[in-house]
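Data first, discussion second: the structure below is written as structure tokens.
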Amino acid sequence: MDENRIMQERRRKVEDLRQAGHHPYANDFEMCHEDVARALEVPVEDLPHEDGVSEDQPFYKVAGRLVAAAKFGKAAFLKIRYAGKELQIYIRKDILTESEFLAFKKCEVGDHVGAWGRLFQTRQGKPALRAERFAMITKAVRSLPEKFHGLKDPELRSRMRYVDLVANPEVADVFRKRAKLVSYLRRFMDDRAFVEVETPMMHPLIGGAAAKPFKTRHNALNLDLFLRIAPELYLKRLLVGGLERVYELGRCFRNEGLSRRHNPEFTMLEFYMAYATYQDLMSLTEELVAGAAQVVAGGLKLTVPNVEGEMVEVDFTPPWPKVSVLEATAAGLKKIDDQAPDAQALRDDAIVTAWIDDHDVAAQDDALATALSHAETWGDRIGALFDWFGEPALPVDRPVFVKDYPLAISPLSRKKDDDPVLVDRFELFVAGQELGNAFSELNDPADQRERFQRQVEKKSRGSDETMDYDEDYCRALEYGMPPAAGEGIGIDRLAMLLCGQRSIRDVILFPLLRPESGRTEKKATSKNDEQPTIKAKPPIRGTETP
RNA sequence: GGGCCCAUAGCUCAGAUGGUAGAGCAUCGGACUUUUAAUCCGGCGGUCGCAGGUUCGAUCCCUGCUGGGCUCACCA
């Protein structure tokens, strides 16, 4: 039976309902939003069997999507779902009107139906609502996926999320948890006197992170714009203006490939706190993430997907270990060469370059070779070595702060007062995955101008992921930005951890997909039943945490 | 963009060394007033992703294309 035939049958039922005086898309059924949940709260033992149902019992008015039906001709059990809860409705021909029973006969899995009645316990000891009234509310003309195996094709699941959510109820749970996480984050920030702001998503300049942007255009102003890769520079302008604690929870866009951990459009929590340091933010981050684990996942010891997609145990109980970039890198190098330079020796660029040459590490890995060939300074080289050797060697059973990054790869961070080749910065790693990036902010306008200048020079040498020189931002700093620390946390990745999802696509309702082609336009045979093509309008996507 | 794998009914999947194909669910008709993937009987349902090639014959082998998955690269 092809899909058109199924739809024709169902459209026929729509007409049958109309002719019998029913509205197949009614919106006048009186129900109570709380009743499905309330009905399920009543202990089954307290419910009478069907023959004991009396008019003294409370009346429930429920509605929902029909997700299962066991029909027997003159009776039936229907299972409806509303707000993630499922309730059985027991239908008997002899208590419904003839018209209601006809509506019941026309209903099938996928339709929205409603019933009024009292509760009883079935012979199997389950609660059920004995329908004294029944109504078809909305007829579905497409059939839901097969009930036992559901919808599995990953592409169809994200392309037709509306079906996925119905067919795989645990998917809805993930997104309810994500909503809980987001509201928790707002509460957390609001409780600490942070002001939530919304800054532009369309930027005339690229800034705040190292990434390739999406381009767009404003016609009336004849202006080329970029979708923001980070809100950082606008938020810090607000520090200048006197909003000493600000945060923004919103979308960023990075023009990159897709992976299990990257979506071109992603959500970031970014916040700035005047008169605080990156050390202060470590404690705040511990509090924030551990609190989120409690609220969303109900505990501090969680099973989460690691960077490889395997499920591992992580203990979020603060405080978390801290390790410097140089220490972490040295530890990683030791694993492949016990004569490798230690953290102190790594400070010497001659030793670093000699070790790289001696061990011919570039020859072992094309990507590392590329990274090293683009590394212009000691700091770039340390950054590359940390990525390849330090990161994989980080502890994975607890979250870990990696701190004190080289200046060269941190154009917006404050130099360490006692060690100016490094900056007051940390990144948070959980199960090998980068979750957040934070630093004490650079507020010396002259220094910032030099750093921008270096970015511009780098771009002129061919790099496509550098920041533009933001003159207005420098002007703002010249009015005096209070000392501050700021942080960005990748919310999609945090949601992956707390919801135990391996793929970022499983925590984003509508991840970017190629536009649909071919697969739904195959047949449009019947004359008045053209098969409408499903158009999934792909949102743009973004990627990483800062 | 590279590598590997995949595409059979609306959904989940079988299948034939190359002889044009099956199950369950869904759907339609019938029976059935306590089901939990209800059951029983009967029916409908396929350009085996698209286009070429080899062959007497291709859904199966080959090539290309399209779409997808994993992965690497790009990317914090």
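Each chain gets a letter, A, B and so on, in the order the sequences are listed, and its residues count up from 1.
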Item to complete: Give me the ring orientation class for A/Trp320 and A/Phe316: parallel if the planes are under 30° apart, tilted from 30 to 60°, perpendicular past 60°.
Response: perpendicular
Worksheet item: What about A/Ser143, does its side chain sit under 3.5 Å from the base of B/U27 through a donor-acceptor pair?
Response: no
Practice prompt. Choose from B/A26, B/C75, B/G69 the nucleotide whose nearest atom is closest to any side-chain atom of A/Ala211.
Written response: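 From the listed options, B/C75 comes nearest.
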Discussion item. Using the side-chain heavy atoms of A/Arg5, tell me which of these nucleotides is nearest: B/U27, B/C44, B/G69.
Written reply: B/C44
Atom-to-atom span, [atom1] of [X] to [atom2] of [N] - whole angstrom:
X: A/Lys74; N: B/U33; atom1: NZ; atom2: P; value: 5 Å
X: A/Arg10; N: B/G10; atom1: CZ; atom2: P; value: 14 Å
X: A/Leu119; N: B/U34; atom1: CG; atom2: C1'; value: 16 Å
X: A/Lys93; N: B/U35; atom1: NZ; atom2: P; value: 20 Å

Solution key, residues 65-74 of chain A side-chain donor-acceptor pairs under 3.5 Å, sequence neighbours excluded:
| residue | atom | partner | partner atom | Å |
| --- | --- | --- | --- | --- |
| A/Arg65 | NH1 | A/Gly110 | O | 2.7 |
| A/Lys71 | NZ | A/Cys107 | O | 2.6 |

Worksheet item: Between A/Asp94 and A/Ala69, which is nearer to the 5' end of RNA chain B once each is assigned its nearest nucleotide?
Response: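 Looking at RNA chain B, the more 5' nearest nucleotide goes with A/Asp94.
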Within the structure shown, what part of the strands sits under 4.0 Å from [X] by heavy-atom distance: base, sugar-phosphate, or nothing?
X: A/Lys71; value: base
X: A/Lys152; value: sugar-phosphate
X: A/Gln433; value: nothing
X: A/Glu465; value: sugar-phosphate
X: A/Phe429; value: nothing

Discussion item. So, does A/Arg505 get its side chain near the phosphate of B/G69, meaning an N or O under 4.0 Å from OP1 or OP2?
Written reply: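 Yes, because at least one side-chain N or O of A/Arg505 sits under 4.0 Å from OP1 or OP2 of B/G69.
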Worksheet item: For B/U35, does either OP1 or OP2 sit under 4.0 Å from a side-chain N or O belonging to A/Gln124?
Response: yes
Considering only atom [atom1], compute the distance from [N] to [M] and round it to an integer number of Å.
N: B/C6; M: B/C65; atom1: C1'; value: 16 Å
N: B/U20; M: B/G46; atom1: C1'; value: 11 Å
N: B/C5; M: B/U63; atom1: P; value: 12 Å
N: B/C56; M: B/G49; atom1: P; value: 25 Å
N: B/C60; M: B/G53; atom1: C1'; value: 15 Å

Practice prompt. Tell me, please, which residues at least two apart from A/Glu376 pass side chain to side chain donor-acceptor pair (under 3.5 Å).
Written response: A/Arg461
Worksheet item: Can the ring centres of A/Trp116 and A/Tyr60 be said to be less than 6.0 Å apart?
Response: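 No; A/Tyr60 has its ring centre 6.0 Å or more from that of A/Trp116.
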Worksheet item: Cut-off 3.5 Å, side chains only: do A/His22 and A/Ser99 have a donor facing an acceptor?
Response: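 Yes.
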Discussion item. When you compare the ring of A/Phe77 with the six-membered ring of B/U35's base, are the centres less than 5.5 Å apart and the planes under 30° from each other?
Written reply: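 Given the distance and angle limits, yes, they stack.
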Fill in: Single hit among A/Ser413, A/Ser440, A/Ser410 for side-chain hydrogen bond (donor to acceptor under 3.5 Å, both in side chains) with A/Arg425
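So the option named by the test is A/Ser410.
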